[in-house]
Peer 1: 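First, the structure itself, so that you have it in front of you.
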Amino acid sequence: MKKATLTSVHPVLPVWDVSLAMAFYVDKLGFVLAFSDVPKAPTYAGVRRDGVELHLQWHDPKEWEHTVDRPMLRFMVPQIEVLYHEYAARDVFHSQTALRDTAWGTREFAFYDPFKNGLTFYRDL
């Protein structure tokens, strides 16, 4: 039996405002707009940086009124220190964000996007 090959994954992040999410990922995190379903007031869009593509999907703002687990994404970044300083200069960190070495053998930092989706950037030690 022939085996199928998986080549990539494009996580879909829930957001209550796709335009605001696009602006955050493009202006603050250095992604570029890959596509959007419509030019004005999109409900679905994709952003890309290097080999990573994320999809942003509108969800009713009422969903954020309840405690719901949001996605936590981990991005492997060989030049973790360079990215840390890039994002520090763009003022995207929360008060707990720090570049640190972990007990599981990574150097990493993390923060949340404006929609409480978790973003962790790391490299192996």
Peer 1: If every non-hydrogen atom of V47 is compared with every non-hydrogen atom of V26, which pair is closest and at what distance?
Peer 2: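 Where V47 meets V26 most closely, the heavy atoms are CG1-CG2, 4.3 Å.
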
Peer 1: Hey, what do you get for CD (E108) to CD1 (I80), rounding to the nearest 0.5 Å?
Peer 2: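 E108 atom CD to I80 atom CD1 measures 8.0 Å (nearest 0.5 Å).
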
Peer 1: Of all the heavy-atom pairs spanning L73 and P11, show the shortest one and how long it is.
Peer 2: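 Heavy atoms of L73 and P11 come nearest at CD2-CB, 4.0 Å.
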
Peer 1: If you look only at pairs with a residue in residues 113-125, which of them pass as a salt bridge (Lys or Arg N to Asp or Glu O under 4.0 Å), with sequence neighbours excluded?
Peer 2: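 Passing the test, one end in residues 113-125: E81-R123.
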
Peer 1: Residues two or more places apart in sequence or in another chain: which of them pass salt bridge (Lys or Arg N to Asp or Glu O under 4.0 Å) with R90?
Peer 2: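 For R90, the residues satisfying salt bridge (Lys or Arg N to Asp or Glu O under 4.0 Å) (neighbours in sequence not counted) are E86.
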
Peer 1: Could you measure the distance from the NE2 atom of H59 to the CG atom of L13? Nearest 0.5 Å is fine.
Peer 2: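 Rounded to the nearest 0.5 Å, the NE2-CG separation comes to 9.0 Å.
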
Peer 1: Do you know the tightest heavy-atom contact between D17 and F115?
Peer 2: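 Nearest pair, atom of D17 first, then F115: O-CZ, 3.5 Å.
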
Peer 1: Any side-chain heavy atom of S19 within less than 4.5 Å of one from S36?
Peer 2: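 No. Closest side-chain heavy atoms not under 4.5 Å.
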
Peer 1: Can any side-chain N or O of D37 pair as donor or acceptor with the backbone N or O of A45 at less than 3.5 Å?
Peer 2: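 Not at all, since once roles are kept as given, no pair shorter than 3.5 Å links the two residues.
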
Peer 1: For S95, check side chain to side chain donor-acceptor pair (under 3.5 Å) against everything at least two apart and list the hits.
Peer 2: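 Residues passing side chain to side chain donor-acceptor pair (under 3.5 Å) with S95: none at all.
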
Peer 1: Give me the other members of the hydrophobic cluster that V12 sits in, counting Ile, Leu, Val, Met, Phe, Trp and Tyr linked by side-chain heavy atoms under 4.5 Å, directly or via other members.
Peer 2: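 Joined to V12, directly or through intermediates: F35, Y44.
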
Peer 1: Just by distance, with hydrogens left out, do H55 and Q57 show a side-chain donor and acceptor under 3.5 Å apart?
Peer 2: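 Looking only at side-chain atoms, Q57 and H55 do not form any donor-acceptor pair under 3.5 Å.
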
Peer 1: List the atom of R48, the atom of A34, and the distance in Å for their closest heavy-atom pair.
Peer 2: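 Minimum heavy-atom contact is NH2-CB, 3.5 Å.
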
Peer 1: Centre of Y122's six-membered ring, under 6.0 Å away, within 45 degrees of the axis: is that where NZ or CZ of R74 sits?
Peer 2: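 Yes, a cation-pi geometry holds between R74 and Y122.
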
Peer 1: List the residues meeting ring pair (Phe, Tyr, Trp, His ring centres under 6.0 Å) with W64, not counting sequence neighbours, and say none if there are none.
Peer 2: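 Scan of W64 (ring pair (Phe, Tyr, Trp, His ring centres under 6.0 Å), adjacent residues dropped) gives W16.
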
Peer 1: According to salt bridge (Lys or Arg N to Asp or Glu O under 4.0 Å), who are the partners of D69, at least two apart in sequence or on a separate chain?
Peer 2: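 For D69, no residue satisfies salt bridge (Lys or Arg N to Asp or Glu O under 4.0 Å) once neighbours in sequence are set aside.
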
Peer 1: What pair of heavy atoms forms the shortest contact from R49 to L29, and how long is it?
Peer 2: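 In this case the closest contact between R49 and L29 is NH1-O, 2.7 Å.
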
Peer 1: Can you see which heavy atom on S8 is nearest to which on H10, and at what distance?
Peer 2: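 The pair with the smallest heavy-atom distance is OG-NE2, 3.6 Å.
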
Peer 1: Using 0.5 Å steps for rounding, measure from the OH atom of Y87 to the OG1 atom of T97.
Peer 2: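 Going from the OH atom of Y87 to the OG1 atom of T97 covers 12.5 Å.
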
Peer 1: Determine whether a donor-acceptor pair (N or O, by modelled atom type, separation under 3.5 Å) exists between the side chain of D60 and the backbone of E63.
Peer 2: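 Here the side-chain-to-backbone pair does not exist.
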
Peer 1: Calculate, to the nearest 0.5 Å, the distance between atoms CH2 and CG belonging to W104 and L125 respectively.
Peer 2: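 It comes to 11.0 Å.
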
Peer 1: Rounded to the nearest 0.5 Å, how far does OH of Y112 lie from CG of N117?
Peer 2: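 Output value for this atom pair is 10.0 Å.
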
Peer 1: Measure centre to centre between the rings of F93 and F109, then say whether the value is under 6.0 Å.
Peer 2: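 Between F109 and F93, which both carry aromatic rings, the centre distance is below 6.0 Å.
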
Peer 1: Quick one: sort the F121 and F111 rings into parallel, tilted or perpendicular, breaks at 30° and 60°.
Peer 2: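 Ring orientation of F121 relative to F111: parallel.
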
Peer 1: Do F24 and V92 make a side-chain contact, defined as non-hydrogen atoms from C-beta onward lying under 4.5 Å apart?
Peer 2: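 Yes, their side chains come closer than 4.5 Å.
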
